[in-house]
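Heavy atoms only: backbone and side chains are in, while hydrogens, waters and symmetry mates are out. All of these numbers come straight from a predicted model, not from anything done at the bench. Start at 1 with the first residue, then count along the sequence.
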Amino acid sequence: LDVPDTLVDQQLDVLRNRFGSRETVERAAADGDIVTINLVASRDGEALADATAADVEYTIGSGQMLDGLDEAVIGLSADESASFASMLVSGPLEGEEADIQVTVTKVQTSELPEADDEFAQQASEFDTVEELRANIRERLTLIARLEQASQARDAVLETLVGQVDIEVPEHLLNSEIDTRRKQITEQLAQAGLTAEQYLADVGQDQTEDEFWTDLEDRSAQALKAQIILDKVAEERSLDVDQNDFTQHIMRKAQSDGVAPQQVADHLKEHPHHIEEYMLEIRRGKALAMIVESATVTDSNGSIVELAKLHE
């Protein structure tokens with residue numbers, strides 16, 4: 001796997017920004033400056049309660065917020081304001097146009113350290129910037145390999161499910177669909193969204209009916225995959241040992257952003273989840289066995305050597 005120099009440069013710039021210094025300046029804001037701003041959206045002269053923000057840091061020229069914001073703040077000094085019209089990008093009025101008043105409260109410049117050996121010694125354990133760049137490239141390569149491995153597993157399983165003719169028991173399918181539908185409905189309700197609003201937010205070109213139909217199809221495919229993997233695990237007499245279980249807890253903790261002990265404590269309080277974990281581990285081992293025996297090619301038609309992806 002080849003990591004482009006541009007990606008290495010981007011990661012190096014992120015590190016430089018972390019070690020950069022800021023200086024508050026008494027002048028009008030210019031492109032590249034960091035401004036602290038307050039935003040108030042209104043319609044017909046009335047402020048919209050759900051469309052205000054205070055003490056927001058914004059880098060002019062990044063284009064990461066509202067359309068027209070860059071043009072509005074350029075030339076403003078601290079305590080000066082400007083108004084412009086723009087489309088709201090979040091909240092219950094997302095996608096609707098409003099009048100925006102932006103007030104600059106602070107203007108800062110950012111000075112980044114040079115990407116040289118001195119910076120490498122300050123920001124890392126390496127003596128030279130070339131060693132630092134090599135380490136960044138190595139980490140990006142590992143991430144790309146893990147992503148490739150994940151894509152390979154998904155592709156192999158999808159192909160296998162498509163080739164094997166299995167009828168999913170109707171009661172299992174209905175239960176799975178009901179569970180998934182309930183989870184999604186509750187999540188949308190918590191976010192104050194309807195399914196239609198959600199689809200518009202994520203840019204999905206689907207009707208609500210098509211979305212739920214797709215959910216049913218994915219539920220059926222997921223159950224087929226589970227049946228296949230359970231069968232493979234049974235035929236190959238795959239077992240789950242203590243090391244497998246410990247590693248699964250470690251991965252689960254990392255994925256959820258919590259301490260492993262927190263996951264272990266949860267299992268003590270809810271022991272019925274242990275069986276679910278055991279099934280996940282067993283199915284994972286069955287999938288790994290299938291993937292290792294498969295021939296997978298990348299987008300260029302080259303064979304992906306799966307055994308080397310974790311090296």
Please report the shortest heavy-atom distance between [X] and [Y], naming the atom on each side.
X      : Y      : value
Asp31  : Gly61  : OD1-CA, 3.4 Å
Val35  : Ile37  : CG2-CG2, 3.8 Å
Ile166 : Lys224 : O-CE, 3.3 Å
Ile249 : Pro260 : CG2-O, 3.8 Å
Leu76  : Ser81  : CD2-O, 3.7 Å
Leu173 : Val168 : CB-CG1, 4.1 Å

Would [X] and [Y] pass as an ion pair if we require N to O under 4.0 Å?
X      : Y      : result
Glu57  : Arg22  : yes
Arg16  : Asp13  : yes
Asp230 : Arg282 : no
Arg27  : Asp33  : yes

Donor-acceptor contact below 3.5 Å, side chain [X] vs main chain [Y]:
X      : Y      : value
Ser175 : His171 : no
Glu186 : Gln183 : no
Lys285 : Leu238 : no
Thr194 : Gln197 : yes
Gln190 : Gln187 : no

Determine whether Ile100 and Val40 satisfy the following criterion, side chain to side chain contact (heavy atoms under 4.5 Å, CB included), listing intermediate values before the conclusion. CA-CA 6 Å; Ile100 312 295; Val40 178; over 6 Å; no
Would you give the length of the straight line joining atom [atom1] of [X] to atom [atom2] of [Y], rounded to the nearest 0.5 angstrom?
X      : Y      : atom1 : atom2 : value
Leu199 : Glu210 : CG    : CD    : 9.5 Å
Thr52  : Gln101 : OG1   : CD    : 12.0 Å
Ser86  : Leu69  : OG    : CG    : 8.0 Å
Glu167 : Leu223 : CD    : CG    : 12.5 Å
Gln226 : Arg283 : CD    : CZ    : 4.0 Å
Arg18  : Leu112 : CZ    : CG    : 13.0 Å

Does the side chain of [X] reach to within under 4.5 Å of the side chain of [Y], using non-hydrogen atoms?
X      : Y      : answer
Gln108 : Val25  : no
Ile34  : Ile60  : no
Glu138 : Leu142 : no
Lys182 : Asp178 : no
Asp79  : Val104 : no

Can you list everything that forms a side-chain hydrogen bond (donor to acceptor under 3.5 Å, both in side chains) with [X]? Sequence neighbours excluded, please.
X      : result
Glu71  : none
Asp5   : Arg137
Glu176 : Arg180
Glu147 : Gln151

Taking atom [atom1] as the centre, does [X] end up with more than 12 heavy-atom neighbours from other residues, nucleotides or ligands that are less than 6.0 angstrom away?
X      : atom1 : value
Gln254 : CD    : no
Glu97  : CD    : yes
Asp67  : CG    : no
Arg236 : CZ    : no
Glu276 : CD    : yes

Give a yes or no on whether [X] and [Y] share a hydrophobic cluster (residues Ile, Leu, Val, Met, Phe, Trp, Tyr; joining criterion: side-chain heavy atoms under 4.5 Å apart).
X      : Y      : value
Met278 : Leu229 : no
Ile274 : Val258 : yes
Met289 : Val291 : no
Val102 : Leu48  : yes
Val263 : Met250 : no

Please list, chain by chain and in numerical order, all residues satisfying side chain to side chain contact (heavy atoms under 4.5 Å, CB included) with [X], sequence neighbours excluded.
X      : result
His270 : His266, His272, His273
Glu131 : Phe126, Asp127, Thr128
Ala191 : Leu193
Thr159 : Gln163

Which residues satisfy the ring pair (Phe, Tyr, Trp, His ring centres under 6.0 Å) test with Tyr58, sequence neighbours excluded? none
Pairs flagged by salt bridge (charged side-chain N to carboxylate O under 4.0 Å, His left out) wherever residues 255-266 is involved - sequence neighbours left out: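 For residues 255-266, and leaving out neighbouring residues, the salt bridge (charged side-chain N to carboxylate O under 4.0 Å, His left out) pairs sorted by first residue read Lys252-Asp256.
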Here the salt bridge (charged side-chain N to carboxylate O under 4.0 Å, His left out) pairs for residues 98-122, sequence neighbours left out, are none
Side chain to side chain contact (heavy atoms under 4.5 Å, CB included) evaluation trace for Glu80 with Thr103: CA-CA 6 Å; Glu80 292 184 341; Thr103 301; over 6 Å; no
Test log, rule side chain to side chain contact (heavy atoms under 4.5 Å, CB included), inputs Asn38 and Val56: CA-CA 6 Å; Asn38 297 331; Val56 177; over 6 Å; no
Under the criterion side chain to side chain contact (heavy atoms under 4.5 Å, CB included), I'd like the reasoning laid out for Glu130 against Arg133: C-alpha separation, chi angles, the key distance, then a yes or no. CA-CA 5 Å; Glu130 286 308 313; Arg133 289 180 62 87; 3.9 Å; yes
Does anything in residues 211-255 form a ring-ring contact (aromatic ring centres under 6.0 Å, His included)? List the pairs, not counting sequence neighbours.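 The answer is His248-Tyr277.
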